[in-house]
Each structure stands twice: as C-alpha cells, then as structure tokens.
Amino acid sequence: MSIPRDACSLVSKEEIESVQAAPVNETKSSEHLDGTFRVSQCLYTAAEFSKSVSLALIQPDQNQRGARTPKDFWKEKFDPYQKEEPKTKSGDEKEQVSAPKKIESLGDDAYWVSNRFGGILYLLKGDAFISIGLGGTDDEATKLEKSKVLAQKALRRL
C-alpha cells in the first residue's frame with residue numbers, strides 16, 4: 001500500500017523554472033477522489049502564463065478496496081499501442097488522434113500523447129502514474145524532452 005502523495009512534492013518550483021526558463025509565480029495544489037482513484041494535481045503558474053506546467057499524480061483510492069487500480073486503467077489506455085499498431089477507431093470518431101508514442105527507459109512504462117498544445121507525457125511507476133503537460137511555444141520534440149527531464153525528477157521522489 002502506498003502513502004498518498006501530493007503532486008507538488010514531486011517536482012520543485014525551481015526545477016520547473018530551470019526547465020521552462022521562466023519564473024514560476026505560484027504553485028497550486030488540488031486533490032480529488034473520483035470513486036476509483038485519488039488524483040493530486042499541481043499547477044505551476046509561470047509569469048509568462050503560456051509556459052505553465054501541469055503535473056498530475058494518480059494513485060489508488062485507499063478507501064476503495066478491490067476497485068480498478070491505476071495499472072488496470074493503464075492497461076486499458078495503452079495496451080492497444082504496445083505493438084505500435086494502434087487499433088482502428090470506429091467510424092463515428094471525427095477527430096483523428098495520433099497513437100501514443102512509447103517512451104523507453106522511463107518508469108515502469110511511459111507514453112507521449114500528442115495534442116494540439118504539444119502533448120502530455122504519461123508514466124507508470126508501481127501502483128501510480130503521473131502525467132506532465134507543458135505550455136509554451138516549443139515544438140513537440142522539445143516539449144517531450146523537457147517533460148522527460150521533469151519526469152526523471154518526479155520519479156526520484158515518487
């Protein structure tokens with residue numbers, strides 16, 4: 001059983017400032033239980049708002065014995081992409097989403113999911129996973145590299 005952690009304890013304000021090359025004005029923590037998971041989020045608000053960073057830590061809700069675990073969720077979300085041949089979407093879906101990209105040597109498992117803002121890095125470690133989203137004008141490859149740097153720091157404290 002893991003001890004519930006606060007997402008803001010995983011990466012320091014100074015580490016965000018170093019990676020984003022922008023001062024962070026505020027670090028705001030929030031937490032909620034969704035009936036299955038305990039979700040702790042941390043928003044690092046940069047002076048230049050577009051460079052803000054969002055970090056979420058998803059852990060099992062200790063009050064929900066036998067419920068789905070973060071690992072179960074992970075398998076549902078990412079197992080279809082294990083072979084790099086994503087399952088085809090049903091014809092109803094209008095927005096084409098690119099397949100998550102597997103990231104090697106990060107946590108127990110990691111994926112980069114592209115979006116119109118760049119993307120979000122998801123990584124699994126033990127019975128928890130984190131997601132990191134960076135703002136800013138960097139291209140997707142740069143955001144991925146910056147996300148990986150922050151993920152390494154967060155993993156050391158998880």
Side-chain angles (χ1 to χ4, degrees), residues 1-12 15-16 19-20 28-44 51-136 138-158:
M1 181 163 88
S2 63
I3 298 159
R5 299 288 309 266
D6 173 16
C8 290
S9 72
L10 299 179
V11 179
S12 73
E15 289 167 335
I16 298 287
V19 167
Q20 284 293 73
K28 188 175 178 188
S29 179
S30 65
E31 182 180 303
H32 70 274
L33 299 171
D34 70 0
T36 305
F37 304 128
R38 180 181 172 277
V39 181
S40 172
Q41 289 185 288
C42 190
L43 179 62
Y44 301 86
K51 289 193 169 196
S52 297
V53 173
S54 171
L55 184 144
L57 169 62
I58 296 83
Q59 297 175 291
D61 178 352
Q62 301 300 335
N63 302 322
Q64 300 292 324
R65 295 278 170 237
R68 279 172 68 224
T69 67
K71 274 187 180 171
D72 294 334
F73 173 84
W74 189 271
K75 283 176 100 61
E76 292 162 19
K77 184 165 179 68
F78 294 114
D79 270 11
Y81 303 103
Q82 283 290 352
K83 307 277 184 287
E84 288 300 314
E85 290 177 42
K87 290 181 176 168
T88 52
K89 302 274 183 203
S90 65
D92 302 334
E93 294 187 45
K94 289 176 180 61
E95 189 180 330
Q96 279 300 320
V97 180
S98 60
K101 177 181 167 193
K102 186 158 179 56
I103 305 299
E104 299 299 331
S105 343
L106 202 57
D108 297 339
D109 203 7
Y111 284 90
W112 175 258
V113 178
S114 297
N115 63 28
R116 61 192 177 105
F117 304 109
I120 298 175
L121 179 64
Y122 292 90
L123 62 119
L124 179 69
K125 178 72 175 164
D127 64 351
F129 68 90
I130 62 176
S131 67
I132 300 172
L134 275 67
D138 294 324
D139 63 21
E140 186 177 335
T142 304
K143 285 185 176 182
L144 172 56
E145 287 310 307
K146 287 182 171 185
S147 295
K148 285 160 77 174
V149 168
L150 294 174
Q152 295 282 12
K153 295 175 185 312
L155 280 171
R156 286 199 290 267
R157 296 182 183 116
L158 191 59

Could you grab the distance from atom CD of E145 to atom CG of L134, nearest 0.5 Å is fine? 11.5 Å

Flag the pair R157 and E15 as a salt bridge only when some basic side-chain nitrogen lies within less than 4.0 angstrom of an acidic carboxylate oxygen. yes

Minimal heavy-atom distance between S147 and I132, with the atoms involved, is O-CD1, 3.9 Å

With Y122 via ring pair (Phe, Tyr, Trp, His ring centres under 6.0 Å) - residues at least two apart: F78

Do the side chain of S40 and the main chain of L57 share a donor and acceptor less than 3.5 angstrom apart? no

NZ of K148: more than 12 outside heavy atoms within 6.0 angstrom? yes

Closest heavy-atom contact between E140 and W112? OE2-NE1, 2.7 Å

Is any side-chain heavy atom of E31 closer than 4.5 Å to one of D6? no

Under the side-chain hydrogen bond (donor to acceptor under 3.5 Å, both in side chains) test, residues paired with D108 that sit two or more places apart: none

Residue pair E76 / R68: nearest heavy atoms and the distance that separates them: OE1-NH2, 2.8 Å

How many angstroms lie between atom CD of Q152 and atom CG of L106, to the nearest 0.5 angstrom? 5.0 Å

Calculate, to the nearest 0.5 Å, the distance between atoms CG and CD1 belonging to L121 and I130 respectively. 7.5 Å

Rounded to the nearest 0.5 Å, what separates atom CD1 in I16 from atom SG in C8? 9.5 Å

Just do the side chain to side chain contact (heavy atoms under 4.5 Å, CB included) check on R5 and Q59 with the steps written out, would you? CA-CA 8 Å; R5 299 288 309 266; Q59 297 175 291; 4.0 Å; yes

I120 to S131 - nearest heavy-atom pair and separation: CG2-CB, 3.8 Å

Apply the test side chain to side chain contact (heavy atoms under 4.5 Å, CB included) to residues V53 and V11: give CA-CA distance (whole Å), side-chain angles for both, the deciding distance (0.1 Å), then the verdict. CA-CA 11 Å; V53 173; V11 179; over 6 Å; no

If I compare all heavy atoms of A128 with all of P70, which pair ends up nearest, and what's the gap? CA-CB, 4.3 Å

Test side chain to side chain contact (heavy atoms under 4.5 Å, CB included) on F129 and F37; report intermediate values, then the result. CA-CA 11 Å; F129 68 90; F37 304 128; 5.5 Å; no

Write down the atom of D139, the atom of T142, and the distance for their closest heavy-atom approach. OD1-OG1, 2.6 Å

How many angstroms lie between CD1 in I58 and CZ in F73, if you round to the nearest 0.5 Å? 7.5 Å

Show your reasoning for whether side chain to side chain contact (heavy atoms under 4.5 Å, CB included) applies to L55 and L150. CA-CA 9 Å; L55 184 144; L150 294 174; 5.8 Å; no

Polar side-chain atom of Q20 near backbone of K146 as donor-acceptor pair, under 3.5 Å: no

